[in-house]
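Following: one structure in structure tokens, then a few remarks.
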Amino acid sequence: MAFAGMLSQEDIKAAVQACQAADSFDYKKFFKACGLAGKSSDEVKKAFAIIDQDNSGFIEEEELKLFLQNFSAGARALTDKETKTFLSAGDSDGDGKIGVDEFTALVKA
């Protein structure tokens with residue numbers, strides 16, 4: 001798994017299970033539960049690189065929709081509502097995508 005060695009598999013499993021129901025995803029709770037919130041900025045930047053599937057330097061809406069699947073292959077896609085809420089929370093400059101510094105701020109929020 002992409003986060004092996006960085007995050008505990010048990011923590012990831014619990015974090016993904018906690019938001020299995022549609023519209024139950026809360027990025028603050030998720031980052032805390034999976035252990036990412038407690039990681040260094042460098043480790044958060046490594047996580048960003050994993051989630052940035054197309055290596056564009058940004059996490060776009062489509063990548064956010066599939067966010068949970070980066071942590072657990074069988075996880076559900078985020079709903080449109082969850083995706084838009086997540087995007088607006090992280091997109092501090094209003095360009096419609098989340099850059100590495102925005103992502104780091106979001107994780108540490």
Side-chain angles (χ1 to χ4, degrees):
M1 197 75 244
F3 289 97
M6 187 188 304
L7 302 172
S8 149
Q9 287 302 309
E10 293 77 35
D11 289 348
I12 290 172
K13 187 175 179 185
V16 170
Q17 284 180 333
C19 58
Q20 274 184 318
D23 294 323
S24 67
F25 177 77
D26 177 324
Y27 68 90
K28 287 182 183 179
K29 288 180 185 171
F30 184 85
F31 289 141
K32 197 171 192 174
C34 76
L36 198 56
K39 296 295 179 183
S40 72
S41 291
D42 283 346
E43 288 173 306
V44 172
K45 287 175 182 172
K46 286 179 190 167
F48 175 89
I50 293 167
I51 298 162
D52 177 20
Q53 296 276 315
D54 64 1
N55 298 313
S56 66
F58 296 95
I59 299 173
E60 293 89 10
E61 192 167 339
E62 197 53 39
E63 290 167 326
L64 274 184
K65 192 173 201 56
L66 305 176
F67 174 80
L68 293 175
Q69 294 168 11
N70 288 290
F71 292 86
S72 177
R76 69 177 178 86
L78 297 181
T79 65
D80 287 343
K81 179 182 172 190
E82 288 171 319
T83 304
K84 291 195 185 316
T85 300
F86 196 4
L87 182 61
S88 64
D91 180 22
S92 58
D93 63 7
D95 64 358
K97 52 196 176 191
I98 299 174
V100 68
D101 293 334
E102 290 171 317
F103 182 73
T104 303
L106 192 63
V107 170
K108 299 290 188 180

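All figures in this text were calculated on a predicted structure; none of them were measured in a lab. Positions are given from 1, in the same order as the sequence printed here.
- Distance CZ/Phe86 to OG1/Thr79: 12.0 Å, rounded to 0.5 Å.
- Sequence neighbours left out, the pairs with a member in residues 90-101 that pass side-chain hydrogen bond (donor to acceptor under 3.5 Å, both in side chains) are Ser92-Glu102.
- A donor-acceptor pair under 3.5 Å is absent between the side-chain atoms of Ser72 and the main chain of Gln69, judged by distance alone.
- Within the model, atoms CD1 of Ile98 and CG of Leu106 stand 6.0 Å from one another, a figure rounded to the nearest 0.5 Å.
- Sparse packing is recorded around NZ of Lys13, with 12 or fewer heavy atoms of other residues, nucleotides or ligands lying under 6.0 Å away.
- Interatomic distance, CG of Asn70 versus CZ of Phe3, reported as 6.0 Å (0.5 Å rounding).
- Residue pairs that meet the salt bridge (Lys or Arg N to Asp or Glu O under 4.0 Å) test with at least one member in residues 63-90, sequence neighbours left out, are Glu61-Lys84, Lys65-Asp80, Arg76-Glu82.
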Show me the donor-acceptor pairs, under 3.5 Å and distance only, between side chains in residues 42-51 and residues at least two apart or in other chains.
unit_1	atom_1	unit_2	atom_2	d
Glu43	OE1	Ser40	N	3.1
Glu43	OE1	Ser40	OG	3.4

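- With sequence neighbours left out, the side chain to side chain donor-acceptor pair (under 3.5 Å) criterion links Gln17 to no other residue.
- No side-chain heavy atom of Phe67 sits less than 4.5 Å from a side-chain heavy atom of Ile59.
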With a 3.5 Å cut-off and sequence neighbours excluded, list the donor-acceptor pairs that the side chains of residues 26-34 form with protein atoms.
unit_1	atom_1	unit_2	atom_2	d
Asp26	OD1	Lys28	N	2.9
Asp26	OD1	Lys29	N	3.2

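- Phe58 and Val107 sit in two unconnected hydrophobic clusters of ILVMFWY residues. Membership requires side-chain heavy atoms under 4.5 Å apart, directly or through other members.
- Residues Leu87 and Leu68 are members of one and the same hydrophobic cluster, defined by side-chain heavy-atom contacts under 4.5 angstrom among Ile, Leu, Val, Met, Phe, Trp and Tyr.
- Following chains of ILVMFWY side-chain contacts shorter than 4.5 Å, one can reach Phe71 starting from Met6, so the two form part of one hydrophobic cluster.
- Applying the side chain to side chain donor-acceptor pair (under 3.5 Å) rule to Glu60 yields the partners Ser56; only residues at least two apart in sequence or on another chain are considered.
- In terms of heavy-atom proximity, Asp54 sits nearest to Asp52 at OD1-OD1, 2.9 Å.
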